[in-house]
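Inspection log for the structure reproduced underneath, given as structure tokens.
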Amino acid sequence: QEWKVDSEVWLFRQAYADEFAALLRKMGYHLPMIFQNVSVTCEEKALRDLASETCIDCIRHLTSGAYGEMGMIVPAHPDEKLRGRKDAPPVEAMQCLMQGKAFSESAPGA
């Protein structure tokens, strides 16, 4: 799919699709006075297609235990020295998607 210059693309594992709505609320997308004319489109991508994708920023959205329903967003760049930096170089999407302990049987729906 071709993306517009002013659009955002979020890549996440299907096991976390339900948490994506909470992430959008956490980011404020439910507030029409801030985000006007916003549309969200979801699609599945094959792993071979993700191999060619790159990310500008990697985050983790923590939603279990003490973090509650809305959770907490934390930097998750594979290189810890670059986490949270705006000048970090693009990284392969698969590197971002494999971050964290949840890439195992403990992931929702696994």
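In what follows, every heavy atom counts, from backbone to side chain, and hydrogens, waters and symmetry copies are set aside.
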Is the backbone N or O of His77 less than 3.5 Å from a side-chain atom of Arg83, with the two atoms forming a donor-acceptor pair by type? yes
Rounded to the nearest 0.5 Å, how far apart are CE of Met72 and CD1 of Ile59? 12.5 Å
Connected via hydrophobic side-chain network under 4.5 Å: Leu11 and Val91: no
Rounding to 0.5 Å, atoms CG (Asp49) and CD (Glu43) come to a distance of 9.0 Å
Which heavy atom of Gly84 sits nearest to which heavy atom of Pro75, and what is that distance? N-CB, 3.5 Å
Between CD of Gln95 and CD of Glu92, what distance do you get to the nearest 0.5 Å? 5.0 Å
Leu82 atom CG: more than 12 heavy-atom contacts under 6.0 Å: yes
Can you measure from CE (Met94) to OG (Ser52) and round to the nearest 0.5 angstrom? 11.0 Å
Side chains of Glu53 and Lys45: does their closest heavy-atom pair fall under 4.5 Å? yes
Say you draw a straight line from CH2 of Trp10 to CG of Leu24; how long is it, rounded to the nearest 0.5 Å? 7.5 Å
Any side-chain heavy-atom pair from Cys55 and Pro90 closer than 4.5 angstrom? no
Any side-chain heavy-atom pair from Ile73 and Lys26 closer than 4.5 angstrom? yes
Rounded to the nearest 0.5 Å, what separates atom CZ in Arg85 from atom CG in Asp57? 12.5 Å
